[in-house]
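This report refers to the structure that appears directly beneath it.
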Amino acid sequence: MEYISLPKPYVDVVAECQAHMGEQVTFSGTVHRVRSFPEFSFIVVRTDRALVQCLFQGEEIGGIRREDVRDAMVVKVTGRVHEEVRAENGFEVELSAVEILGKPYDKLPVPLGKKYMGLSLDVDLPLRPITLRHPVKRAIFRVQSAIANGFSEYMISQGFVHMTSPKIVSAGAEGGADLFKVDYFGTRAYLAQSPQFYKQYMCGIMGRVFEVGSVYRAERHNSSRHLNEYIGLDFEMAYIDSMFDVMAMETGMLKYVMEYVKKNCAPELELLKANVPEIGESIPSVTFHEAKQIMLEKFGHKSKNRFDLDPKEEKMMCEYAKEEFGSEFIFITFFPSEKRPFYAKDDENDPKLACSFDLLFRGLEITTGGQRVHDYQEQMDKLNRRGMDASLFESFTIMHKYGMPPHGGLGLGLERLTMQLLGLSNIREASNFPRDMQRLEP
Ligand code: ATP
Ligand code: MG
């Protein structure tokens, strides 16, 4: 009987090869590209993270014929590493053994071996299990993974507890008609359009909580910034003095995330030609009313939207932040209460305004957050003022009824942050298998 006591170690092929210059190495990967010459071929092997140039000399190695090696074959190769400045990462592997682990049964449907495939989204998205193999495409999702990891690491370092919330729920948190209906054993349920209620409950229990989870919006948008399923980076914190505590936490988190991405994704950032923003001590912040004033004075723009910023205005405010403060981010605070959710706390000085903010990054909203109502009477009054049936919210207001600390939090769209960080023009590029109105597959 054989006992396996240790997990197989992960091999960083590039680091391993660089550490064994002049010696023999063995690693596995997929044939990414073959360039043949009369006497030899360059076989570029795509490993988990990098491309490695291998040199196949002669007509055959250990029974494998040179002419049989083709794109998309999965191989285990052995050879001596030597310096080669013209190759990726500055080395080349001179093959002495090749083993075939897997093989393609058809010609690749896309030119994976090219530096840029130049595919339209309509061609790319249906073929995602294959197109994501391309180094540039998969780099996006390494960066996205680092954003989520950096977020989690920072949150944990600040005493937040990693929570999860149910995604099958009986009502929406944000209201509106953007809910997907689910048949739940004969009764009507919905897919959660936000973890809002649950993170509020949990912050009354744990003090500080965060979640990385799926969010469902049945919005009939066909825009470059909306998905019907996205990943929310959410947090909620208790014992705050004001929403500015939430904004300060987000600032610290984003600074950490940017450093984390730079530290962990240097090859990907280079491949994607991404420009990671500098975040100073604080992110500039203007109120919603100031923003409208600024747009009028600086850009001669008369806003038609009394409750929100439209996409053009988000761009304008980011242009202003760049010019005025040299910042790629800007907070907009104190939105009119009327169009903010019923759980948002109103400003004590002017109840027409909510203690609610958005964060804009490179011309796009990436976050909405704020301070929440924590007092039971205040929450009941607000529901009543809005003509909402408070009895439908008993499972929510139970927490207020039995005492809640002052608290607040935010939601940040992972794909939106990825898209803005990497300068992608459509949010679908920042979602590995996007759900939009046309797509349920792959
Ligand atoms: P927008 O005004 O751009 O439609 P929103 O204000 O409706 O967004 P929120 O409910 O505030 O969105 O959600 C919080 C965050 O979640 C947003 O700032 C954004 O980053 C992200 N987000 C919201 N809706 C979507 C969506 N449909 N697809 C991808 N990300 C989204
Ligand atoms: Mg919003």
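As the structure lists them, so they are numbered: ligands from 1, and atoms in each ligand from 1. Only a predicted model underlies this, so the values are computations on that prediction, with no experimental measurement involved. Positions are given from 1, in the same order as the sequence printed here.
For ligand 1, the atoms sitting less than 4.0 Å from at least one non-hydrogen atom of Arg217 are 7 (O), 9 (P), 10 (O), 12 (O), 13 (O), 23 (C), 24 (N), numbered in the order shown with element in parentheses. Annotation for ligand 1: atoms under 4.0 Å from non-hydrogen atoms of His226 are 1 (P), 3 (O), 4 (O), 26 (C), 27 (N), 28 (N). Close contacts between ligand 1 and Glu219 involve ligand atoms 26 (C), 27 (N) [criterion: under 4.0 Å to a heavy atom]. Near Gly411, the atoms of ligand 1 lying under 4.0 angstrom from a non-hydrogen atom of the residue are 14 (C), 15 (C). Each of the atoms 2 (O), 5 (P), 6 (O), 8 (O), 11 (O), 12 (O), 17 (C), 18 (O) of ligand 1 lies under 4.0 Å from some heavy atom of Glu365. Interface atoms of ligand 1 facing Thr367, defined by a heavy-atom separation under 4.0 Å, are 18 (O). Applying the 4.0 Å criterion to heavy atoms of Thr368 picks out, from ligand 1, the atoms 11 (O), 18 (O). For ligand 1, the atoms closer than 4.0 angstrom to any heavy atom of Leu227 are 26 (C), 27 (N), 28 (N), 29 (C).
With 2.8 Å as the limit, Thr368 counts as an N, O or S neighbour of the Mg ion (ligand 2).
Under the 6.0 Å cut-off for aromatic ring centres, Phe299 and Tyr320 do not qualify, their centroids lying 6.0 Å or more apart. The aromatic ring centroids of Phe141 and Phe433 lie 6.0 Å or more from each other.
Salt-bridge check for Asp12 with Arg49: failed, with every basic side-chain N at 4.0 Å or more from each acidic carboxylate O. Ion pairing between a basic and an acidic side chain is recognised when a charged N comes within 4.0 Å of a carboxylate O; Glu319 and Lys298 show no such pairing.
In terms of heavy-atom proximity, Ile330 sits nearest to Cys318 at CG2-SG, 4.4 Å. Closest of all the heavy-atom pairs between Glu211 and Ser165 is OE1-OG, 2.9 Å. Nearest heavy-atom pair across Thr251 and Phe331 is OG1-CE1, 3.7 Å.
Side-chain contact, Glu229 with Tyr216: a donor N or O sits under 3.5 Å from an acceptor N or O. Between the side chains of Glu313 and His301, a donor-acceptor pair is found at a separation under 3.5 Å.
The distance criterion of under 3.5 Å between nitrogen or oxygen atoms is met by Ile366 with respect to ligand 1. Residue Ile427 has no nitrogen or oxygen atom sitting less than 3.5 Å from a nitrogen or oxygen atom of ligand 1, judged on distance alone. Where the criterion is an N or O separation shorter than 3.5 Å, residue side chain and backbone included, Leu412 fails it with respect to ligand 1. Residue contacts with ligand 1: His221 is placed with no nitrogen or oxygen under 3.5 Å of a nitrogen or oxygen of the ligand (distance criterion only).
Atom OE2 is the N, O or S atom of Glu365 at the shortest distance from the Mg ion (ligand 2).
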